[in-house]
Number of protein chains: 2
Amino acid sequence: MSKSNNVYKDAYNRGLRLLDETRSLPSEPELGTLLGVSRTTVRTILARMEETGLIDWNKRSKTVLREPRPDDFFPEDETDTLAEIIERSFMRRLLAGGAEAGMQINELELAREIGVGTTSVREFLIRFSRFGLIEKRRNSHWVLKGFTRAFALELTEIREMFELRSAAAFAALPEDSPVWADLDSLEDEHRLLAREIAVRFNAFSELDERFHRLIHRASHNRFIVDFYDVIAMIFHYHYQWNKAQERERNEVAVQEHLAYIAALKSRDLAKVDAACRKHLKSARHTLLTSIPEGRQPLRA
Amino acid sequence: MSKSNNVYKDAYNRGLRLLDETRSLPSEPELGTLLGVSRTTVRTILARMEETGLIDWNKRSKTVLREPRPDDFFPEDETDTLAEIIERSFMRRLLAGGAEAGMQINELELAREIGVGTTSVREFLIRFSRFGLIEKRRNSHWVLKGFTRAFALELTEIREMFELRSAAAFAALPEDSPVWADLDSLEDEHRLLAREIAVRFNAFSELDERFHRLIHRASHNRFIVDFYDVIAMIFHYHYQWNKAQERERNEVAVQEHLAYIAALKSRDLAKVDAACRKHLKSARHTLLTSIPEGRQPLRA
DNA sequence: AAAATGTTTTTTCACGATAAAAGACATTAT
DNA sequence: ATAATGTCTTTTATCGTGAAAAAACATTTT
């Protein structure tokens, strides 16, 4: 086996959802942009849609014949990229205990366990190394540095430095910058979520990421923007395993975001700084309490 | 062909240098640590040394028979790792003009041109991507972002943020920390270089890196420490192609370093801050003047 | 018994090969 | 003439493979 056709399968599933909305599909290039794939893949998708009787396809005409049924969709897990599969397996191992700092990581073993080639695992580890959790020994194995309190402190130190700077840059943006509209709509989403927090509290993490990314982008600095990938990755997994008081935590965070947004809109740098610090402080606290480790590192 | 034996060849060359110093070689494990390779490689080296009549090898006894001649050494270029070869080729293309921003990078073409497999090129590009000069389009090619003025400004912005913080942390280190001794010996090296600057000015870049890495390490933050890799990489190539007023620039930098060191030793945070800022300002200026680009970005 | 050497096994590194996906070119339809 | 479709070519993603290098195990020497 060489390459899975998950790109096709994922695009096909997304394509099925388009059938509900229209009587006939647009042109091939248009579908390509819509689904984010090449025309080659679009044609493979159309071919199958015709085969399964979903559409009638003849050159430019692509008439919808019937609505897609649940069994028309490819199974969810066949649409994942290899990188996603490897990351999930790796993180499960890492968080499911038994992952002591200093432990060595074996490419071959990982590859066998996940059922993929070594090349993919190697590439994953190289990409993953920028998160600061693993390190390579020159022509030898990888070493796990562990998701420790020290790691969390180092991460949040940078995060705070970057976000304070980005927030200040954001507040200084001209009136006519499109980010203000983005901020307004994020504010609306926050208000909506605040009202429905009891039932939709788990929708927060996604909103959280969009909000912070918007702020970081104001820095106009690729290193700051890219660093948010590290934070996002950590918080993504953190949300999955630390469910304690999730509702309460998110409720507090939404309110902090709203205060933060208000401060940004005021363009008062002192207020922005205060609101930003307050939110980051509680975000750090949440992260730290979820790391079980008795002893605090020496450097406070 | 599968894997070159550059590890062996490089270790062999370094091993030859040991022959000058002793009558007989130490044990295999000891040689392994000394050369930074496994015992397997040590034994391959010893086998060849015996074959070429350099030593007499019988179990524990490894008697030196003669001094190594120049032709005993493997050629320099056979001791490079593939990663080094690829990086050099890539940077040469990137700096040798014709590398416009937005240009796309072709893995296969690069691999063919350098004469290596595609896997190695892919892995190199993934590793290299953290420098912020290239970016991957999801299941498609890489895009060159270009070594532009904007890049240099973003890089130096982070550098200044990190170094000011590290320098402050450094100055706050306790009296008995071993870094003060390191700083002292670096100071000596700087004084020595200052005296011989006329003839040894090109020894500065290596000293520069060691000095700044020492300071960054005081942050005790892996993200700050790792970020110096980006700076080091840029400066490494920058030094190679911008030779204008190299001697003068380095002379100034050495003096700035000495002032910076004095400030650190005084532990006066205000002085540290001032000396650090002054040096970083001229470093930024040097880097910026070497980038030919008329228009300055809008965000000043 | 501790440390070295001798031997075998495992892992890493790098390649060529192959299917999926993208992209380029030629042709046809509006 | 522009934009779509049809066809062919190139590139990317992934695997299995084999040599280099590391690591583990067994045996001998001090």
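All values below come from the heavy atoms of this structure, side chains included, with hydrogens, waters and symmetry mates left out. Order of the sequence lines sets the chain letters (A, B, ...), proteins ahead of strands, with each chain counted from 1.
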Legend entry - Protein-to-nucleotide contact annotation, 5' to 3' order, nucleotides 19-26 of chain C [B base; S sugar-phosphate only; - none; under 4.0 Å, heavy atom]: BBSBBB--
Inset, instruction - Not counting sequence neighbours, which residues clear side-chain hydrogen bond (donor to acceptor under 3.5 Å, both in side chains) with A/Asp208? List them please. - result: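 side-chain hydrogen bond (donor to acceptor under 3.5 Å, both in side chains) list for A/Asp208, sorted by chain: A/His212, A/His257.
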Inset, instruction - Under the side-chain hydrogen bond (donor to acceptor under 3.5 Å, both in side chains) rule, collect the residues that match up with A/Thr119, sequence neighbours excluded. - result: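 A/Thr119 satisfies side-chain hydrogen bond (donor to acceptor under 3.5 Å, both in side chains) with no other residue.
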Only counting residues at least two apart or in another chain, list the ones meeting salt bridge (Lys or Arg N to Asp or Glu O under 4.0 Å) with [X].
X        : answer
B/Glu206 : B/Arg210
A/Asp229 : A/Arg130, A/Arg213
A/Arg39  : A/Glu28

Inset, instruction - Give A/Ile105 one of three labels, base, sugar-phosphate or nothing, depending on what nucleic acid heavy atoms sit under 4.0 Å from its own. - result: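 Here A/Ile105 touches the backbone only, sparing every base.
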Inset, instruction - Remember a base hit wins even if backbone is also touched, and classify B/Leu46 as base, sugar-phosphate or nothing at under 4.0 Å, heavy atoms. - result: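 No contact.
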Inset, instruction - Extract, from 5' to 3' on DNA chain D, the first and final nucleotides lying under 4.0 angstrom from some heavy atom of chain B. - result: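 From 5' to 3', the first and last contacting nucleotides are D/dT11 to D/dT29.
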Legend entry - Pair listing, ring pair (Phe, Tyr, Trp, His ring centres under 6.0 Å) test, anchored in residues 19-42 of chain A, at least two apart: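 Of all non-adjacent pairs touching residues 19-42 of chain A, none passes ring pair (Phe, Tyr, Trp, His ring centres under 6.0 Å).
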Legend entry - Heavy-atom closest contact (B/Leu65 atom, B/Gly53 atom, distance):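 Scanning both residues completely, I find the closest heavy atoms to be CB-O, 3.6 Å.
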Legend entry - Contact summary for A/Ser27 and A/Lys62, nearest pair of heavy atoms: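 Taking A/Ser27 first and A/Lys62 second, the nearest heavy atoms are CA-NZ, 3.6 Å.
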Tabulate below the donor-acceptor pairs under 3.5 Å that side-chain atoms of residues 139-147 of chain A make, not counting sequence neighbours, or state none.
{"residue": "A/Trp142", "atom": "NE1", "partner": "A/Glu107", "partner atom": "OE2", "Å": "3.4"}
{"residue": "A/Lys145", "atom": "NZ", "partner": "A/Glu135", "partner atom": "OE2", "Å": "3.2"}

Legend entry - Within residues 107-118 of chain A, residues whose heavy atoms come under 4.0 Å of DNA chain C: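 Listed by number, they are A/Glu107, A/Leu108, A/Arg112.
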Side-chain donor-acceptor pairs of residues 108-116 of chain B under 3.5 Å, sequence neighbours excluded:
{"residue": "B/Glu109", "atom": "OE2", "partner": "B/Arg93", "partner atom": "NH2", "Å": "3.4"}
{"residue": "B/Glu113", "atom": "OE1", "partner": "B/Arg93", "partner atom": "NH2", "Å": "3.4"}
{"residue": "B/Glu113", "atom": "OE2", "partner": "B/Arg93", "partner atom": "NE", "Å": "3.3"}

Inset, instruction - Return no unless some side-chain N or O of A/Asn106 is found under 4.0 Å from OP1 or OP2 of C/dT12. - result: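 Yes, within the criterion.
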Inset, instruction - Give a yes/no answer on whether the side chain of A/Arg60 brings an N or O atom under 4.0 Å of OP1 or OP2 in C/dT30. - result: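 Indeed not, no polar side-chain atom of A/Arg60 lies that close.
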Inset, instruction - Find which nucleotide of DNA chain C each of B/Thr81 and B/Glu30 is nearest to by heavy atoms, and output the residue with the more 5' nucleotide. - result: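 With B/Thr81 and B/Glu30 compared, the 5'-side residue is B/Glu30.
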Legend entry - Partners passing side-chain contact (heavy atoms from CB on, under 4.5 Å) against B/Ala47 (at least two apart in sequence or in another chain):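 Partners of B/Ala47 by the side-chain contact (heavy atoms from CB on, under 4.5 Å) criterion, ordered by chain and then number, come out as B/Trp57.
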